[in-house]
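Have a look at the structure below before the remarks.
Because only heavy atoms are used, hydrogens play no part in the values below, and waters and symmetry mates are left out as well, while side chains stay in.
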Amino acid sequence: MSQTIRITVDGEPREVTEGTTGFDLFDGRREIVAQRVDGELRDLSRTVGDGEAIESVEITSQDGLNILRHSATHVLAQAVQEVRPDARLGIGPFITDGFYYDFGVDEPFTPEDLKEIKKRMQRIVKQGQRFVRRSVSEDEARREEATQPFKLELIGLKGHAGDDEESVEVGGSGLTMYDNVDPKTGDTVWSDLCRGPHLPSTRLIGNGFDLLRTAAAYWRGDEHNPQLQRIYGTAWPTKDELKAYQHRLAEAAKRDHRRLGVELDLFSFPDEIGSGLPVFHPKGGIIRREMENYSRRRHEEAGYDFVYTPHITKAHLYEVSGHLEWYKDGMFPPLHVDEELDAEGNVKRQGQDYYLKPMNCPMHNLIYASRARSYRDLPLRLFEFGTVYRYEKSGVIHGLTRARGFTQDDAHIYTTREQMKDELTSVLNFVLDLLKDYGLDDFYLELSTKDPKKYVGTDEVWEEATNTLREVAEASGLELVPDPEGAAFYGPKISVQARDAIGRTWQMSTLQLDFNLPERFGLEYTAADGTQQRPVMIHRALFGSIERFFGVLLEHYAGAFPLWLAPEQVVGIPVADEYAPYLEDVAARMRAVGLRASVDASDDRMPKKIRTHSKQKVPVMLIAGEEDRSAGAVSFRFRDGSQCNGVPVDDAVAWLRALADARVQVSSVSDAVGAPGVEAPARAVAAARAAEVSHPAE
RNA sequence: GCCACCUUAGCUCAGUCGGUAGAGCACUUCACUCGUAAUGAAGGGGUCGCGAGUUCGAUUCUCGCAGGUGGCUCCA
């Protein structure tokens, strides 16, 4: 006799007969692809038990999307094994926006393979195979996966490592297999070791999936392990959502700093110089110089002392610092100089190894140590735009964000242990404040703590440093994310992560505490009581690398820099040749107050000129014809096409100067009129008001 | 460093089943003098990434190298 059990479904109490499944509960609701039972995701085919709280999982929810993608990756693996029966299965999880599956194959996949695999996936999807869950014992699993070495390894891990290595294959309790069953014949056509849950049917994958690319990946993420071939894909509930995703990717690609660098003529990486070594063109140079100048000014105001150090040094310095011991692989190989040989080739005079510097700190330490220091000198803040060279592996070089030569806005602060906390607090505030001026304002902090395999110094010192950083970070009120084992060998760090305009996060500034280098360099100061004490060192880069920060800002602004950073701030567009001299005059007045202004006196027609400079993301175009000339005025055109016409030249000059000084974005007349602390000409205010009427939503 | 793919004019990209190449934009010149995202015409520009091999002949096929792209590993 079937018994009645009590459950809740999406918060509503219900009574159902024993043996009821998720399918029964959500009958007819195709958008529900799984059930969450007391917080645990399960297939709809599972029966519910007395007292359980069941929630529906819609395909459009995050859990639903994950299940969709996880099922899609099974379909991928099935298709791959049709094309390559020898393919050994690795792991196949869902990831943000998609999925991948790793395969051990003798020959890597070709683009043709990918096409064929996709075709077969479509066939499997259409067929509407059911995913059927089956619990197995470890022995059964081993028997079924006898020809699958990677799966056997996972089963073994499950046995030994417990739940530490929880994964989509063998997480949670017990082992399960998922059979893909042909709905017509009831035959199992494919099986995979998997914890699930899955969609009820492959049909739900529909036509919202695509295969994106292939890549090699080390088995279990370890470069000592064999490489598997990974296929990446994406899957969405509908074709429209897939298209929207592809559109998002295309939009992100448009802001790629490497592309914008070419389009806007900002920088390049000449092959002749070498991989990862950029040159800045004049326009990129202007942006960079503005970035640096403002930073310099702020550092001066904040009590930093400016120093300069060479790019190259004898090996001994990096032996003292420990870099040669810890990071030799990341350094360019040495230049061996001054060696003399006799006629027989024997060494007459020992040579010297010189290294390009990968970090500035040892040199700053030498400046500290150049004379006796008193507690009255501290905190001593040494600042440098220090160019460093790191031998990044060839495969990791990526535009300006990962280069082999770059310039750090590097400071080393030497403090007493007592001052340390106050100093860290003010440094963190200084950093956040300055980043905001460059237009980034969405931050969180990461606290990187000791890597037990890679550190120097005593546990007590690490603990004190870590606790101090944590207290300072917590006091900032920002979100703090732990990064266990992420610290450098010499000390823990706080890093500032910034979210850009399209939501990506970038590691920007780092504050690192270092109890180690002062020790190695024997740094001391005389305390008030006459004793010799050891200072604490704070490493701090704000941009991290200027090149990288440049790249991040370029992508953040999609090339449309705020007025103060824009390489061309103002371009005059005469309605006809006749008005060019008038605009030259206006531009000269702009230049006289330090604005970057020019006139486009080319043969192009006016709309063509507007197009040209729009594509170059020039913030302000000043247009003048007879109307403006006779009124002693100019007409503004902003990036978004908004205008304000007939602004008297005096007002225009003063207004633009003020907007540049305010370091605001100026892409529309409303931006310009709304800039805090800047008084806009009456004409502009009226134009902005008119614009608001036509776009009330703004 | 590993795997795959890519490299043709300044840029974006066609093309040659092996017989030394073409478009659009950009550039130069000429005409047009124009009020808010492309006026028209003419012209210049390429040892087809570099080096070897196969071939009567290689930009095309093979190998090596360099650079790039996407991943993996790494990122003091």
Side-chain angles (χ1 to χ4, degrees), chain A residues 100 102 105 107-111 113-114 212-232 253 256 258-259 262-263 265 268-276 318 321-323 325-331 358-361 388 390-399 401-403 408 448 451 454-455 486-491 493 507 510 512 514 516-517 539 541 544-545 548 573-580 602-616 621-628 635-643 645:
Chain A
Y100 67 79
D102 288 343
V105 284
E107 293 296 323
F109 298 107
T110 64
D113 288 337
L114 226 56
L212 300 177
R213 64 181 74 92
T214 59
Y218 299 107
W219 170 237
R220 300 184 57 222
D222 186 331
E223 67 179 318
H224 306 293
N225 284 342
Q227 270 197 339
L228 306 183
Q229 293 298 317
R230 176 173 296 179
I231 298 179
Y232 281 95
D256 189 309
R258 294 163 299 178
R259 175 205 281 246
V262 175
E263 284 173 2
D265 193 16
S268 60
F269 294 86
D271 289 358
E272 294 84 341
I273 296 178
S275 188
Y318 289 114
S321 69
H323 288 101
E325 185 184 346
W326 292 94
Y327 291 105
K328 197 168 200 256
D329 290 347
M331 294 167 68
M359 293 195 98
N360 301 302
C361 34
V388 296
R390 298 181 184 181
Y391 191 71
E392 301 286 1
K393 291 199 252 177
S394 62
V396 306
I397 289 167
H398 182 91
T401 57
R402 195 82 183 269
Q408 295 180 307
S448 302
D451 178 349
K454 209 167 93 174
Y455 76 102
F489 72 94
Y490 52 75
K493 72 176 176 203
Q507 179 180 308
T510 56
Q512 303 196 234
D514 187 348
N516 176 246
L517 277 185
H539 301 245
S545 120
R548 193 179 122 88
I573 314 262
V575 163
D577 279 354
E578 188 193 340
Y579 309 102
S602 69
D603 280 353
D604 289 333
R605 286 165 185 238
M606 192 196 62
K608 179 58 194 291
K609 289 182 182 180
I610 289 170
R611 180 182 157 84
T612 303
H613 299 103
S614 296
K615 287 180 78 172
Q616 287 298 304
M621 284 180 236
L622 294 180
I623 295 166
E626 188 49 46
E627 238 175 88
D628 282 302
S635 292
F636 279 67
R637 185 188 200 281
F638 295 93
R639 284 192 185 114
D640 71 338
S642 57
Q643 315 171 25
N645 299 338

What integer number of Å spans the [atom1] atoms of [N] and [M]?
| N | M | atom1 | value |
| --- | --- | --- | --- |
| B:G71 | B:C61 | C1' | 29 Å |
| B:U59 | B:G19 | C1' | 12 Å |
| B:A21 | B:U8 | C1' | 8 Å |
| B:A23 | B:C5 | P | 32 Å |
| B:G64 | B:G45 | P | 37 Å |
| B:G67 | B:U54 | P | 28 Å |
| B:G57 | B:U20 | P | 15 Å |
| B:A52 | B:A58 | C1' | 12 Å |

State the pairing partner of [N]; accept Watson-Crick or G-U wobble contacts with both distances under 3.5 Å, and report none otherwise.
| N | value |
| --- | --- |
| B:U39 | B:A31 |
| B:C2 | B:G71 |
| B:A23 | B:U12 |
| B:U59 | none |
| B:C65 | B:G49 |

- Query: On a plain distance test, is the side chain of A:Asp271 in donor-acceptor contact with the base of B:G49 below 3.5 Å?
  - Reply: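 It does not, because no donor-acceptor pair links the side chain of A:Asp271 to the base of B:G49 below 3.5 Å.
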Could you check whether the side chain of A:Arg402 and the base of B:C74 have a donor-acceptor pair of N or O atoms closer than 3.5 Å, going by distance alone?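 Yes, the side chain and the base share a sub-3.5 Å donor-acceptor pair.
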Can you tell me how far [atom2] of [N] sits from [atom1] of [X], to the nearest Å?
| X | N | atom1 | atom2 | result |
| --- | --- | --- | --- | --- |
| A:Tyr579 | B:U36 | OH | C1' | 16 Å |
| A:Lys393 | B:G71 | NZ | P | 17 Å |
| A:Leu114 | B:G71 | CG | P | 15 Å |
| A:Asp603 | B:U33 | CG | C1' | 10 Å |
| A:Asp604 | B:U39 | CG | P | 7 Å |
| A:Met359 | B:C75 | CE | P | 13 Å |
| A:Lys609 | B:A26 | NZ | P | 14 Å |
| A:Ile231 | B:G71 | CD1 | C1' | 13 Å |

I want to check one thing: is the phosphate of [N], taken as OP1 and OP2, less than 4.0 Å away from some side-chain N or O of [X]?
| X | N | answer |
| --- | --- | --- |
| A:Lys608 | B:U33 | no |
| A:Tyr327 | B:C74 | no |
| A:Arg637 | B:G35 | no |
| A:Ser394 | B:G67 | no |
| A:His398 | B:G70 | yes |

In Å and rounded to the nearest 0.5 Å, what is the [atom1] to [atom2] distance from [X] to [Y]?
| X | Y | atom1 | atom2 | answer |
| --- | --- | --- | --- | --- |
| A:Ile610 | A:Ile623 | CD1 | CD1 | 4.0 Å |
| A:Gln512 | A:Tyr490 | CD | OH | 3.5 Å |
| A:Trp219 | A:Arg230 | CH2 | CZ | 10.5 Å |

* How would you label the contact of A:Asp329 with the nucleic acid (heavy atoms, under 4.0 Å): base, sugar-phosphate, or nothing? ->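 Here A:Asp329 touches no strand at all.
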- Task: Just call it for A:Arg213: base, sugar-phosphate, or nothing, with non-hydrogen atoms closer than 4.0 Å on any strand.
- Result: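 Sugar-phosphate only.
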Answer yes or no: does atom OH of A:Tyr327 have more than 12 heavy-atom neighbours from other residues, nucleotides or ligands under 6.0 Å?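 Atom OH in A:Tyr327 is crowded, with more than 12 foreign heavy atoms closer than 6.0 Å.
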Margin query: Could you check whether A:Arg258 pairs with A:Asp256 (Lys NZ or Arg NE/NH1/NH2 to Asp/Glu carboxylate O, under 4.0 Å)?
Written below: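 Yes, A:Arg258 and A:Asp256 are salt-bridged.
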Would you indicate which nucleotide in [options] comes nearest to any side-chain atom of [X]?
| X | options | answer |
| --- | --- | --- |
| A:Met606 | B:C34, B:A4, B:G1 | B:C34 |
| A:Tyr232 | B:G70, B:G68, B:C72 | B:C72 |
| A:Arg258 | B:G1, B:U36, B:U69 | B:U69 |

Side chains of A:Ile397 and A:Arg402 in contact at under 4.5 Å (non-hydrogen atoms)
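A side-chain contact under 4.5 Å is absent here.
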Could you tell me if the side chain of A:Ile573 sits less than 4.5 Å from the side chain of A:Arg637, heavy atoms only?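 No, too far: nothing below the 4.5 Å cut-off.
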